[in-house]
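Reading through the structure tokens given below for one structure.
For clarity, every value in this text was computed on a predicted model and none was experimentally measured. No hydrogens, no waters, no symmetry mates; every other heavy atom, side chains included, goes into these values.
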Amino acid sequence: MDDSDRRTYLKATGSAAVALALAGCTGGGGSGGESSDGDGETSGSDTTTITAGTAPGFPPFEMKEGGELVGFDIDLLSAVVTEADGYELGSWQEYAFDSLVPALTSNKIDVVAAGMTINDEREQQIDFTNPYYNADQAIIVRENGDFSPSSLADLSGHKVGSQSGTTGEGVAKELIEKGTLKESNYNTYDSYVFAVQDLENGNIDAVILDLPVAQTFADQRPVSIAFTYETGERYGFGIRNGDDDLQSALNEGLAAVRDSGKYEELRNEWFGGSNQ
């Protein structure tokens, strides 16, 4: 798919197509040489085949075009593993976002590529590669609607949604703990696609989500970004604790992709050249 086709897909099909991706798959399995059960099996050569996990419904990082996974994370991990000495990318497995860490720790997959923020809570369970993308949170509302918040405090008394297991949910829970947001006014979703649909239908008043994804929805749907909440988040590829060889190989691959200009090429394809 060339650059114009990718952008045409994003604008024409919007988030309706990515809603097809919510069913979580169980079990792992890489391809090539010998089969992988998610713990990085070595194929007939000295190359280890790894199984990747993701959570479609997070455009433009990961989504479905028909039955095919596409997105920035999909292309970037493929490019990184190509540059990672001793490894090759086998199959992709799809999960709900909050099921990815359990899938990784139970050896169903070997690496997570899903716009996952590096934070202390997750680092107690898994390791990460070096960061590959910077992001903040955004609050989106219905376009041309009556609600125009300019701060988190303005969400008080309104119905708010986010995706389960995400930073957006963490922000909402903090607001609930502070008493700013009533728990009864908070809705959680398996996918931001459903959250945005509820926003459009008037069932909620705002959605808290990652800024680059909010920008994509604003391009596709009748929603707009009310304001940005700076969090200084950084995304990384998730790997199992102690998998030092894979971590080193992916970090080297990521550095090679940046040095070669491939990272910038992919960023321009999916984000129109935003500086991340």
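- Taken to the nearest 0.5 Å, the CD1 atom of Ile74 stands 9.0 Å off from the CH2 atom of Trp270.
- Here the CG atom belonging to Leu152 is positioned 6.5 Å from the CD1 atom belonging to Ile208, to the nearest 0.5 angstrom.
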- Query: Could you go step by step and tell me if Val223 and Val141 meet the side-chain contact (heavy atoms from CB on, under 4.5 Å) rule?
  - Reply: CA-CA 6 Å; Val223 300; Val141 296; over 6 Å; no

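- Inter-residue side-chain proximity for Ile225 and Gln215 is flagged as met; some heavy-atom pair is nearer than 4.5 Å.
- The distance from atom CZ of Phe227 to atom OG of Ser148, rounded to the nearest 0.5 Å, is 11.0 Å.
- Between the side chain of Asp210 and the main chain of Val213, no donor-acceptor pair closer than 3.5 Å is present.
- Under the side chain to side chain contact (heavy atoms under 4.5 Å, CB included) test applied with Arg240, the options Val111, Asn107, Ile126 reduce to a single match, Asn107.
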- Task: Go through Glu200 and Arg221 one step at a time and tell me if the salt bridge (Lys or Arg N to Asp or Glu O under 4.0 Å) criterion holds.
- Result: CA-CA 8 Å; Glu200 290 181 71; Arg221 312 299 291 268; 2.7 Å; yes

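- When only modelled atom types and interatomic distance are considered, Asp73 and Tyr132 share a side-chain donor-acceptor pair under 3.5 Å.
- By the criterion of side-chain heavy atoms lying less than 4.5 angstrom apart, applied directly or through intervening Ile, Leu, Val, Met, Phe, Trp or Tyr residues, Phe147 is not grouped with Leu209; the two fall into different hydrophobic clusters.
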- Verdict with reasoning, Leu181 to Tyr186, per side-chain contact (heavy atoms from CB on, under 4.5 Å): CA-CA 8 Å; Leu181 181 67; Tyr186 174 61; 4.1 Å; yes

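- In terms of heavy atoms, Thr231 sits closest to Ala135 at OG1-O, 3.7 Å.
- Checked by atom type and distance alone, the side chain of Gln247 pairs as donor or acceptor with a backbone atom of Phe128 at under 3.5 Å.
- Nearest heavy-atom pair across Phe97 and Ser164 is CD2-O, 4.1 Å.
- Hydrophobic cluster membership is shared by Val70 and Val80, with clusters built from Ile, Leu, Val, Met, Phe, Trp and Tyr side chains linked at under 4.5 angstrom.
- Leu175 is not connected to Ile140 by any chain of hydrophobic side-chain contacts under 4.5 Å among Ile, Leu, Val, Met, Phe, Trp and Tyr, and they are in different clusters.
- Between the side chain of Thr105 and the backbone N or O of Pro102, at least one donor-acceptor pair lies under 3.5 Å.
- Contact check for Ile50 versus Glu88: no side-chain heavy atoms found under the 4.5 Å cut-off.
- For the residue pair Gln125/Asn241, the side-chain donor-acceptor check at 3.5 Å is not satisfied.
- Leu199 and Tyr229 fall into different hydrophobic clusters, where Ile, Leu, Val, Met, Phe, Trp and Tyr are joined by side-chain heavy atoms under 4.5 Å apart, directly or via other members.
- Between Phe72 and Phe271, a ring centre-to-centre spacing shorter than 6.0 Å is recorded.
- Judged purely by atom type and a 3.5 angstrom limit, Asp154 uses its side chain to pair as donor or acceptor with the backbone of Ser150.
- The shortest distance between side-chain heavy atoms of Glu269 and Asp75 falls below 4.5 Å.
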- Please assess Asp205 against Arg142 for the test salt bridge (Lys or Arg N to Asp or Glu O under 4.0 Å), listing each intermediate value before the final yes or no. CA-CA 7 Å; Asp205 302 312; Arg142 283 183 297 280; 3.7 Å; yes

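- For the pair Met116 and Val101, the tightest heavy-atom approach, listed with the atom from each and the gap, is CE-CG2, 4.0 Å.
- Here the side chain of Thr166 pairs no donor or acceptor atom with the backbone of Ser162 at under 3.5 angstrom.
- Remark: side-chain polar atoms of Asp243 are not paired, donor with acceptor, to backbone N or O of Ile239 under 3.5 angstrom.
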- Message: Checking Lys64 against Glu94 for the salt bridge (Lys or Arg N to Asp or Glu O under 4.0 Å) test, could you report, in this order, the C-alpha distance in whole Å, the side-chain angles of both residues, the deciding distance, and whether it holds?
- Response: CA-CA 11 Å; Lys64 278 294 192 70; Glu94 299 166 28; 3.1 Å; yes

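- For the atom pair CD (Glu83) and CG (Asn251), the distance works out to 14.0 Å, reported to the nearest 0.5 Å.
- Hydrophobic clustering (ILVMFWY, side-chain heavy atoms < 4.5 Å, transitive): Ile139 and Phe217 are in distinct clusters.
- Taking both residues in full, the closest heavy atoms of Lys159 and Asn203 are given as CD-O, 3.5 Å, listed atom of the first, atom of the second, then distance.
- With a 4.5 Å cut-off on side-chain heavy atoms, Val193 and Gln197 count as touching.
- Judged purely by atom type and a 3.5 angstrom limit, Ser91 has no side-chain atom pairing as donor or acceptor with the backbone of Thr51.
- Environment of CZ in Arg234: sparse, with no more than 12 heavy atoms of neighbouring residues, nucleotides or ligands closer than 6.0 Å.
- Side chain of Ser260 to backbone of Ala256: a donor-acceptor contact under 3.5 angstrom is found.
- With a 6.0 Å radius and a threshold of 12 heavy atoms from other residues, nucleotides or ligands, Asp85 has its CG atom at or below the threshold.
- Around atom CG of Asp259, more than 12 heavy atoms belonging to other residues, nucleotides or ligands sit under 6.0 Å away.
- Note: Leu76 CG to Tyr263 OH = 6.5 Å, rounded to the nearest 0.5 Å.
- Using modelled atom types, one finds a donor on one side chain and an acceptor on the other under 3.5 Å when comparing Thr167 with Glu233.
- Between the side chains of Thr228 and Asp136, no donor N or O sits under 3.5 Å from an acceptor N or O.
- Using the six-membered ring where Trp is involved, Tyr133 and Tyr235 have ring planes that are parallel, under 30° apart on the 30 and 60° scheme.
- Between the side chains of Tyr87 and Thr49, no donor-acceptor pair is found at a separation under 3.5 Å.
- Taking NZ of Lys173 as the start and NZ of Lys178 as the end, the distance is 15.5 Å to the nearest 0.5 Å.
- Between Ala55 and Ala114, the shortest heavy-atom distance links the atoms N-CB, 4.1 Å.
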- Task: List the steps and the verdict of side-chain contact (heavy atoms from CB on, under 4.5 Å) for Asn185 and His158.
- Result: CA-CA 6 Å; Asn185 277 346; His158 292 270; 6.0 Å; no

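- In terms of heavy-atom proximity, Thr54 sits nearest to Ala113 at OG1-O, 2.7 Å.
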